[in-house]
Structures are given as C-alpha cells and as structure tokens.
Amino acid sequence: MTVLARAFYEQEVVDTARLLLGKRLVREIDGIRLSGTICETEAYRGEEDLACHAKSGRTPRTAVMYGPAGHAYVYFTYGMHWCLNAVCGAEDFPAAVLLRAIWPVDGLDEIAKRRGRFPREQWCNGPAKLCQAFSITGEQNTIDLCSTRSGLWIEDGPESAPEKICSGPRVGIQSVPEPWRSMPWRFWVSE
DNA sequence: TTTACGATCTAT
DNA sequence: TAGATCGTAAAT
C-alpha cells in the first residue's frame, strides 16, 4: 500500500476528483483499520465557483482551502452533519474534492457500530454517511492526509476503467446560479 | 446582535 | 415532503 503523496493532490482539482475514484480512504481508530474504496466525488474550484464555500473569499472556515494541497477540509452542515474534502490544486487557490461515497472494505464491524442499523449499501453512500461511518468530525479538519500520523489518509488503488467513469452536475446546489449549477464536476463509477 | 440558510439524512 | 438542528457569513 502506498499513501497518496502531496503531488497527487496538487493536480488540477477537477482531474483529481476523477483520479480519486478507485482510491482507498483509510481511517485508523484505536489501532483498528477502516477503509473504503472511493466511488463518488465532486470538485469545488475557486472563488468564482459559486457552489464553492470559498465563493465569499478567505474566512476562518475556508482558510484551509487556501493552504497546501493534501490537507482535510471537514465542514459542518445542516446543524448535524460533517462532510470530508481533500484540499487540491495550488496553494492560495481555494479548491477541494468532496468525498461523496465509498464502498466499505476494512473494519466492517467497527463501521457497523454506527451504521449497522441500515443495509450495507447505505453505510457510506453519502458524504455525511461516510463521515459518520468513519467517525470523522471537525477534529479532523486541517489534518495532513499525506501522513498516517493523524489517523486519516488515502492510499493508492486500481485505476478505474475509463468507460466506467461517469460525470454530471453536482448535487445539492439548487440555488446556485448557472453555469456553476450545471458544471459536470461530479464523478462516479458505474456498476 | 440577529438573521437566513445550507456541498444532508431520515422518517413519514 | 418535512423536520432535525447549529455553524457560518452577511445584514442590522
């Protein structure tokens, strides 16, 4: 296994979103390894992207997106949910990839403690669900995904077959004006 | 200080 | 289809 290096995240954010498909999200809790294969992502790109949290510039919340690539941006939303992003692109350019869905691989017992009351297909098939499954909260905000020290990282995985990669508009941004609402910056793997 | 709202999920 | 529930950023 190889931990993805910073250079991977320094690529153009839309490319990185697609390249993350098939990679392995890993979380270590009390020595227990949880992991899942990334199968859905979305790119958020710069201040001009009106769907991106950085649309209103640098704030305490968005500061991490302006920092070096390869760090986690974990934000709280709807009064109860956490969502995980990987900061991408060049420093001082705010961009991140939202991890929307993964397929659980390792640590199924540990995941089941939090998601076991639902069918397994629904354990990690949403950005807030995978955070609940992997016990990811604001405590992980700004951590370095290129190091295994903080218990959250991404490992290399098999490249997804190009013909299985789909793209389309991002989810949950109904009130965002065009062209941003329709930018095909959501990526997923067909079955 | 107050207000409005959200990169969601769940039960109805 | 609506309710939960609170941090964030803009308005007052």
Side-chain angles (χ1 to χ4, degrees), chain A residues 9 12-21 23 25 27 34 36 38-67 69-89 93-104 111-143 145 152 154 165-189:
Chain A
Y9 299 97
E12 153 64 32
V13 64
V14 178
D15 294 334
T16 313
R18 190 180 60 248
L19 291 169
L20 275 169
L21 297 175
K23 301 290 190 281
L25 179 71
R27 173 93 168 103
L34 315 188
I38 297 171
C39 46
E40 186 180 351
T41 62
E42 281 176 1
Y44 290 86
R45 190 182 185 286
E47 295 179 352
E48 62 172 17
D49 173 9
L50 295 182
C52 181
H53 286 167
K55 65 177 182 295
S56 30
R58 193 176 196 131
T59 67
R61 180 171 68 149
T62 62
V64 60
M65 281 206 268
Y66 290 78
H71 286 254
Y73 167 43
V74 184
Y75 70 89
F76 184 72
T77 191
Y78 292 106
M80 64 181 82
H81 298 301
W82 297 98
C83 296
L84 170 66
N85 298 253
V87 174
C88 292
F93 183 85
V97 172
L98 172 69
L99 300 189
R100 289 196 56 88
I102 62 179
W103 184 253
I111 294 172
K113 287 182 187 172
R114 291 174 287 274
R115 299 291 305 166
R117 63 186 188 279
F118 302 103
R120 187 182 296 191
E121 310 80 59
Q122 294 169 32
W123 282 2
C124 299
N125 66 337
K129 295 180 193 178
L130 72 87
C131 283
Q132 188 193 8
F134 276 32
S135 198
I136 294 166
T137 69
E139 286 184 25
Q140 279 70 45
N141 191 32
T142 76
I143 66 160
L145 295 170
L152 183 65
I154 303 179
I165 296 180
C166 309
S167 64
R170 295 168 291 180
V171 171
I173 56 169
Q174 290 306 306
S175 61
V176 172
E178 296 290 5
W180 309 108
R181 184 172 48 210
S182 298
M183 293 303 249
W185 288 352
R186 171 177 171 238
F187 299 93
W188 70 96
V189 182

C/dA10 phosphate, OP1 or OP2: any side-chain N/O from A/S56 under 4.0 angstrom?
yes
Looking only at side-chain atoms of A/F118, point me to the closest of B/dT10, C/dA9, B/dG6.
B/dT10
What's the closest nucleotide to the A/H81 side chain, out of B/dA7, C/dA9, B/dT8?
B/dT8
Atom-to-atom span, CH2 of A/W123 to C1' of B/dT10 - whole angstrom:
18 Å
Rounded distance in Å - CD (A/Q122) to P (B/dT10):
8 Å
Only pairs with both distances under 3.5 Å count, Watson-Crick or wobble alike; so what is the partner of B/dA7 in this structure?
none
Any A/R186 side-chain N or O less than 4.0 Å from OP1/OP2 of B/dA7:
no
Tell me whether A/Y44 is stacked on the nucleobase of B/dA7, counting only the six-membered base ring and applying the 5.5 Å and 30° thresholds.
yes
Assess whether a salt bridge exists between A/E47 and A/R58, defined as any Lys/Arg side-chain N lying under 4.0 Å from an Asp/Glu carboxylate O.
no
Between P of B/dT10 and CZ of A/R117, the distance in whole Å:
7 Å
Over how many whole Å does the gap from A/M80 atom CE to C/dT8 atom P extend?
16 Å
Within the structure, does a side-chain N or O atom of A/R115 lie under 4.0 Å from either OP1 or OP2 of B/dT10?
yes
Just by distance, do the side chain of A/W82 and the backbone of A/Q132 share a donor-acceptor pair under 3.5 Å?
no
To the nearest Å, how far apart are A/L130 CG and B/dC9 P?
8 Å
On the nucleotide C/dC6, are OP1 or OP2 found under 4.0 Å from the side-chain N or O atoms that A/T77 carries?
no
Is any N or O donor-acceptor pair between the side chain of A/Y75 and the base of B/dA7 shorter than 3.5 Å?
yes
Give a yes/no answer on whether the side chain of A/R61 brings an N or O atom under 4.0 Å of OP1 or OP2 in C/dG7.
no
Closest of B/dA7, C/dA9, B/dC9 to the A/P127 side chain is B/dC9
Nearest 0.5 Å, what's the CD1-CG distance between A/I102 and A/L25?
5.0 Å
Touch class at under 4.0 angstrom, heavy-atom based, for A/A128 against every strand present:
sugar-phosphate
Heavy-atom donor-acceptor pair, A/T41 side chain to A/A17 backbone, under 3.5 Å
yes
If B/dT2 has a Watson-Crick or G-U wobble mate with both distances under 3.5 Å, name it; if not, just say none.
C/dA10
Among C/dC6, C/dT5, B/dC9, the nucleotide that comes nearest once only the side chain of A/F76 is considered:
C/dC6
Determine yes or no for a side-chain-to-main-chain donor-acceptor pair under 3.5 angstrom, with A/R181 supplying the side chain and A/I173 the backbone.
no
Starting at atom CZ of A/R170, determine the distance to atom P of B/dG6, rounded to an integer number of angstrom.
15 Å
In whole angstroms, how far is the P atom of C/dA10 from the CG atom of A/L50?
13 Å
Could you check how far CH2 of A/W82 sits from P of C/dC6, rounded to whole Å?
11 Å
Closer than 4.0 Å, any side-chain N/O of A/K55 to the OP1 or OP2 of C/dA9?
no
Determine the interplanar angle of the A/H53 and A/Y75 rings, folded into 0 to 90°, and report it as parallel if under 30°, tilted if 30 to 60°, perpendicular if over 60°.
perpendicular
With respect to the side chain of A/T59, which nucleotide from C/dT8, B/dA11, B/dT8 is positioned closest?
C/dT8
